[in-house]
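Heads up: the structure comes next, in structure tokens.
In what follows, residues are counted from 1 in the order of the sequence shown.
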Amino acid sequence: MGQRSAGETHRPSPRTSRTPEVSKFEARGKSILESIPFSDTPDRTLPDPSEEPWPGGPLSRPSWPAVGPSRRRCTISGDGVAVPEKWPPLQPQDPEFFAFIKRYPMCRGVGGLPDMFDWYARTPKAKVPTKDPRTVWGGANHEAVEHIIETLEENFPHGRQDRSAYFTGDMFLSMLDEETIERLKKLFKGGLFFQAKDIPWEGVTTAPVGLNEYYFRKTWDVAEKAIAAASVDAKPYAALGAWGYMRKLGGIKSRQLLQGWVETEAAKAAGVQHRMIEPREYFSELAKYKFLLAPGGGGILSPKTDEALLVLTVPIVIRDGYAAYDDWPKLGWPIVILDAWEEVTAENLDTWWAKFSPRLLRFRENCLTSEGFFKLVTGTSHYCE
């Protein structure tokens with residue numbers, strides 16, 4: 001599990017009472033968060049807003065500080081004016097929020113899923129495990145990957161053959177050289193899952209993207225209500241196109257193509273509605289649609305896909321030239337994968353809804369949980385439904 005020092009205790013703030021669940025997610029160590037400008041382009045020289053540089057396991061990492069340096073981004077106010085805002089938002093200190101991020105698979109930020117792994121190695125400062133870990137939560141960045149490889153090869157040269165790893169982050173698989181990928185494959189024969197799998201590679205599987213805890217810090221309560229109320233029998237609208245509120249990422253091809261197509265007569269004839277929705281209204285509105293058109297994110301995959309499935313809405317994506325998406329159906333994901341947005345028609349939507357809607361509720365209950373994700377990416381199960 002997350003690495004903790006023996007005998008270490010937690011001292012709650014005098015301002016707020018703490019339950020044991022809240023305490024698990026609270027402060028240990030000092031934030032090293034740096035002030036950086038928010039970028040609307042997928043510039044990989046800047047840290048992604050989801051990349052947190054905490055040295056310990058996720059349940060032992062500190063909450064984002066109430067004061068001190070923070071990243072800044074721009075959001076759009078109701079009157080269309082760009083307003084600077086701190087990013088990420090402060091973490092709510094509500095026990096129900098912590099229960100929410102423990103239940104659902106948060107693959108960015110803090111949550112219950114990463115702490116289920118034997119070794120949390122998101123950064124090159126990750127402590128060397130005392131035992132050969134069967135499961136590793138790794139950071140998709142050069143330094144963390146090299147640290148994981150060197151640590152396992154040096155400390156466990158005749159290590160276990162069922163070891164598996166989940167690498168989270170926006171770095172593309174192609175940014176690793178062939179030797180490095182092959183070394184990872186030897187170390188993780190039980191399963192090697194990589195989020196930004198842009199190229200096909202035997203022995204490497206696209207890691208299910210999961211959810212971003214930072215996005216829920218201001219919306220978890222309304223999201224929870226929308227999830228509970230969602231029904232496949234209460235979907236009055238066909239398809240929604242809503243993207244770019246949190247991160248514009250205008251340089252991504254699938255977003256450019258969708259921007260050009262979504263206002264066409266063909267899109268309107270298919271029943272596609274293009275909207276920009278305020279975050280606290282997003283989940284209740286999303287739940288009204290059968291489909292969500294979900295263009296890619298900074299690391300190819302976008303959490304919009306699993307957000308949609310939480311409210312029983314089927315995501316539609318286009319391949320955009322990447323290998324990542326085609327692994328998802330093999331893992332059980334009820335998702336529509338296309339080569340072009342023009343394939344979205346009223347007739348096709350009807351066909352896809354008939355195919356996928358009977359699976360949505362069961363998939364959410366069995367697969368869109370921290371436990372379901374953990375079983376899938378650690379080899380306990382190979383297909384989730």
Side-chain angles (χ1 to χ4, degrees), residues 42 44 48 50 105 107-108 140 166-176 181 191-212 239-244 247 249 251-259 261-262 272 286 289-310 313-345 348-349 351-353 355-357 359-360 363-364 367-368 372-373 376-377 382-385:
R44 302 187 191 287
D48 181 87
S50 307
C107 296
R108 303 288 181 99
Y166 181 108
F167 283 89
T168 177
D170 282 357
M171 185 181 76
F172 285 9
L173 179 64
S174 62
M175 296 177 72
L176 297 175
I181 298 174
L192 177 55
F193 291 82
F194 201 94
Q195 274 191 353
K197 181 188 169 185
D198 59 324
I199 54 175
W201 202 286
E202 185 178 356
V204 182
T205 303
T206 302
V209 67
L211 304 167
N212 190 328
L240 172 66
W243 70 95
R247 301 179 68 196
L249 299 177
I252 294 176
K253 185 179 178 182
S254 62
R255 296 188 175 216
Q256 295 172 345
L257 293 173
L258 183 55
Q259 184 69 48
W261 178 78
V262 75
V272 176
L286 176 59
Y289 293 83
K290 295 177 180 178
F291 296 91
L292 173 71
L293 278 60
I300 303 178
L301 308 177
S302 167
K304 279 188 173 296
T305 52
D306 286 344
E307 290 172 358
L309 290 168
L310 281 179
T313 295
V314 178
I316 301 177
V317 301
I318 62 171
R319 290 183 175 86
D320 215 6
Y322 296 122
Y325 295 107
D326 288 302
D327 282 340
W328 273 8
K330 299 174 187 176
L331 297 172
W333 255 247
I335 184 171
V336 177
I337 304 172
L338 307 175
D339 290 312
W341 296 116
E342 286 78 5
E343 296 176 62
V344 176
T345 64
N348 283 340
L349 290 177
T351 300
W352 297 330
W353 185 248
K355 176 182 179 180
F356 290 120
S357 60
R359 293 188 53 209
L360 294 176
F363 181 85
R364 184 180 70 182
C367 311
L368 288 184
F373 255 58
L376 192 64
V377 301
H382 301 284
Y383 185 87
C384 197
E385 59 181 343

What is the distance from atom CG of L286 to atom OG1 of T313, rounded to the nearest 0.5 Å? 4.5 Å
Between Q195 (side chain) and A207 (backbone), is there a donor-acceptor pair under 3.5 Å? no
Euclidean distance, T351 OG1 relative to F356 CZ, rounded to 0.5 Å: 11.0 Å
Counting only N and O atoms by type, is there a donor-acceptor contact under 3.5 Å from the side chain of K290 to the main-chain atoms of W352? no
Side-chain touch L331/P208, heavy atoms, less than 4.5 angstrom: yes
Side chain to side chain contact (heavy atoms under 4.5 Å, CB included) between L249 and R255, worked out: CA-CA 8 Å; L249 299 177; R255 296 188 175 216; 3.9 Å; yes
Quick check against the 3.5 Å criterion: does D198 have a side-chain atom that pairs as donor or acceptor with the backbone of L173? yes
Yes or no on side chain to side chain contact (heavy atoms under 4.5 Å, CB included) for W353 and L360, after CA distance, side-chain angles and deciding distance? CA-CA 10 Å; W353 185 248; L360 294 176; 3.9 Å; yes
I318 versus Y325, closest heavy-atom pair with distance: O-CE1, 3.4 Å
Closest approach of G241 to V272 (non-hydrogen atoms, all atoms of both residues): N-CG1, 4.5 Å
Measuring from atom CZ of R108 to atom CG of D170, what distance do you get when rounded to the nearest 0.5 angstrom? 4.5 Å
Heavy-atom closest pair, residues A324 and I300: CB-CG2, 4.0 Å
Compare every heavy atom of P334 with every heavy atom of V314, then report the nearest pair and how far apart it is. CG1-O, 3.7 Å
Given side chain to side chain contact (heavy atoms under 4.5 Å, CB included), test W243 with S302 step by step and report yes or no. CA-CA 10 Å; W243 70 95; S302 167; over 6 Å; no
Between the main-chain N or O of P315 and the side-chain N or O of T305, is there a donor-acceptor pair closer than 3.5 Å? no
Nearest-0.5 Å distance that lies between atom CH2 in W333 and atom CZ in F363: 4.0 Å
With rounding to the nearest 0.5 angstrom, report the OH to CD1 distance, Y322 to I199. 11.5 Å
Test I316 against every option in L338, N348, I337 by the side-chain contact (heavy atoms from CB on, under 4.5 Å) rule and name the one that passes. L338
Identify, with sequence neighbours excluded, every residue that meets side-chain hydrogen bond (donor to acceptor under 3.5 Å, both in side chains) alongside D327. K197, T206
Quick one: list whatever passes side-chain hydrogen bond (donor to acceptor under 3.5 Å, both in side chains) with Y289, sequence neighbours left out. Q273, R275
Minimum heavy-atom distance between D320 and K253, given as atom pair plus value: OD1-CB, 3.3 Å
Take V209 and W328, measure what side chain to side chain contact (heavy atoms under 4.5 Å, CB included) needs, and give me the verdict at the end. CA-CA 10 Å; V209 67; W328 273 8; 3.9 Å; yes
Can you tell me how far apart CG (L257) and CD1 (I252) are? Round to the nearest 0.5 Å. 11.5 Å
Write down the atom of C107, the atom of G210, and the distance for their closest heavy-atom approach. SG-CA, 3.8 Å
Identify the residue among F193, F194, F167 that makes a side-chain contact (heavy atoms from CB on, under 4.5 Å) with V204. F194
R359 side chain vs G332 backbone, donor-acceptor pair below 3.5 Å: yes
